[in-house]
Peer 1: 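Quick one: the structure is below, and I'll ask about it shortly.
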Amino acid sequence: MGTGNEVTQPRESMHDFYERMCPKLIARASKMCKNQQDAEDAVHDAFAAVLPRWAQYGEYETPEAVVQRAMVQRVRKMQWRRARWLGLVRDAPMPDPSSDPQLSAEAGEVIAALRNLPPRQRTVLVLYAWNGCSTQEIADLLGISDSTVRVHMHKARTSLNLWFGLEGWEADPTGLLPETGLDILSPDVDGDGDETVMAAVRRAGEELERHFEADRTAQERILAALKDTAARQGWSVEGKK
């Protein structure tokens, strides 16, 4: 019988965990961030926060939950810093899209639509539509109330419906949304406008995951940066089985 002081070892190696989770996190961060570099930085920082304490994660606090929470927190910090910087700098340059993955027309348009949402709305929608989080789980993750999550969700859905022409243009008081037609979205059987867009968000997420599983370039960049971080801090990325 154990003393209760033992450290529970995770069931998979640190390296296997990285290989399994990295494409998922890059894809999720890519939908939350304004550009690919920010997404990769957020994923790097999340793994750098989790991997040094790898042996501490046991049955009740899984490394999946911890690394996702760390990634979301890093994205939020980036969003806050970017908003503050944009408030101080006039004529700020747009993010460079050259490193963004090549996606289908539908997925590319969904990513563009998400990146035009305010940061909090974008994060809430991705966590709900793609990660399958409940509104209360999102509230706990972001440190806001359930009712605030629902307000952000409603506003995000309304904006996306406008973007894809699923609601009347008279509902857009700014007149600044692009005239993107519904025909770019795959039809959603028996779905209303909300469900059509949410299904498109889920499909885009799945396509991003497949892309980053097949193209290991981003994973290798993050892994190289993690090894540099580990060397400076005195821990190893490889871990043990």
Side-chain angles (χ1 to χ4, degrees), residues 21 23-36 38-39 42-43 64-65 68-69 71-72 75-76 79 100-142 144-174 176-213:
M21 289 299 298
K24 299 178 185 296
L25 288 182
I26 300 173
R28 292 168 190 173
S30 295
K31 292 176 71 174
M32 294 181 186
C33 294
K34 275 285 191 180
N35 60 77
Q36 187 62 26
D38 282 356
V43 173
E64 290 90 344
Q68 173 163 287
R69 183 166 65 245
M71 184 271 288
V72 172
V75 168
R76 289 179 61 200
Q79 291 169 345
D100 286 357
Q102 298 300 307
L103 303 171
S104 67
E106 180 190 82
E109 192 63 34
V110 168
I111 299 301
L114 287 171
R115 287 180 174 175
N116 274 275
L117 292 175
R120 184 59 62 85
Q121 292 180 28
R122 183 167 65 243
T123 300
V124 165
L125 190 70
V126 170
L127 290 172
Y128 182 84
W130 187 6
N131 288 31
C133 295
S134 68
T135 55
Q136 186 58 57
E137 287 171 335
I138 297 170
D140 294 341
L141 189 60
L142 300 183
I144 57 180
S145 69
D146 181 89
S147 60
T148 300
V149 169
R150 292 175 185 275
V151 169
H152 285 309
M153 182 76 67
H154 173 74
K155 290 180 177 179
R157 283 175 157 175
T158 298
S159 294
L160 291 186
N161 286 342
L162 285 167
W163 182 284
F164 289 108
L166 293 167
E167 291 189 11
W169 293 103
E170 67 278 1
D172 175 22
T174 66
L176 297 177
L177 290 170
E179 295 186 5
T180 302
L182 175 61
D183 58 346
I184 200 168
L185 298 182
S186 300
D188 193 55
V189 179
D190 295 329
D192 58 13
D194 267 3
E195 191 52 44
T196 297
V197 169
M198 297 298 270
V201 171
R202 288 190 288 271
R203 285 194 298 270
E206 293 165 359
E207 184 174 334
L208 273 171
E209 284 193 18
R210 291 193 298 271
H211 169 84
F212 288 118
E213 286 171 354

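Note that the structure is predicted; figures quoted are calculated from it, not measured.
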Peer 1: Starting at CD of E109, measure out to OG of S104 and round the result to the nearest 0.5 Å.
Peer 2: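 It comes to 10.5 Å.
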
Peer 1: Looking at CD of E106 and CZ of F164, how far apart are the two atoms once the value is rounded to the nearest 0.5 Å?
Peer 2: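 Rounded to the nearest 0.5 Å, the CD-CZ separation comes to 7.5 Å.
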
Peer 1: Got a second to check how far I26's CD1 is from H211's NE2, nearest 0.5 Å?
Peer 2: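 Separation between the atoms: 9.0 Å.
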
Peer 1: Any side-chain heavy-atom pair from T148 and L142 closer than 4.5 angstrom?
Peer 2: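 No, every pair of side-chain atoms sits at 4.5 Å or beyond.
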
Peer 1: Apply side-chain contact (heavy atoms from CB on, under 4.5 Å) to residues I144 and R120 and explain how you reach the verdict.
Peer 2: CA-CA 11 Å; I144 57 180; R120 184 59 62 85; 3.2 Å; yes

Peer 1: Without swapping roles, check the side chain of R150 against the backbone of T135 for a donor-acceptor pair under 3.5 Å.
Peer 2: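 No, because the side chain of R150 does not come within donor-acceptor range (under 3.5 Å) of the backbone of T135.
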
Peer 1: For a 4.5 angstrom cut-off between non-hydrogen side-chain atoms, does L125 reach M198?
Peer 2: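 The answer is yes; the side chains approach within 4.5 Å.
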
Peer 1: From E207 CD over to L103 CG, what is the distance, rounded to the nearest 0.5 angstrom?
Peer 2: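 Rounded to the nearest 0.5 Å, the CD-CG separation comes to 5.0 Å.
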
Peer 1: Assess whether side-chain contact (heavy atoms from CB on, under 4.5 Å) is satisfied between Q68 and R28, documenting all intermediate values.
Peer 2: CA-CA 9 Å; Q68 173 163 287; R28 292 168 190 173; 2.7 Å; yes

Peer 1: Mind checking the CG-CZ spacing from N161 to R157? Nearest 0.5 Å is all I need.
Peer 2: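 With rounding to 0.5 Å, CG (N161) is 8.5 Å from CZ (R157).
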
Peer 1: Between R115 and S30, is there a donor-acceptor pair closer than 3.5 Å when you use the side chain of the first and the backbone of the second?
Peer 2: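 Yes; judged by distance alone, with no hydrogens or angles, the pair exists.
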
Peer 1: Is any side-chain heavy atom of H152 closer than 4.5 Å to one of T123?
Peer 2: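 T123 does not reach H152 side chain to side chain.
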
Peer 1: With rounding to the nearest 0.5 Å, note down the distance linking NZ in K31 to CG in L127.
Peer 2: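 Here the interatomic distance stands at 10.0 Å.
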
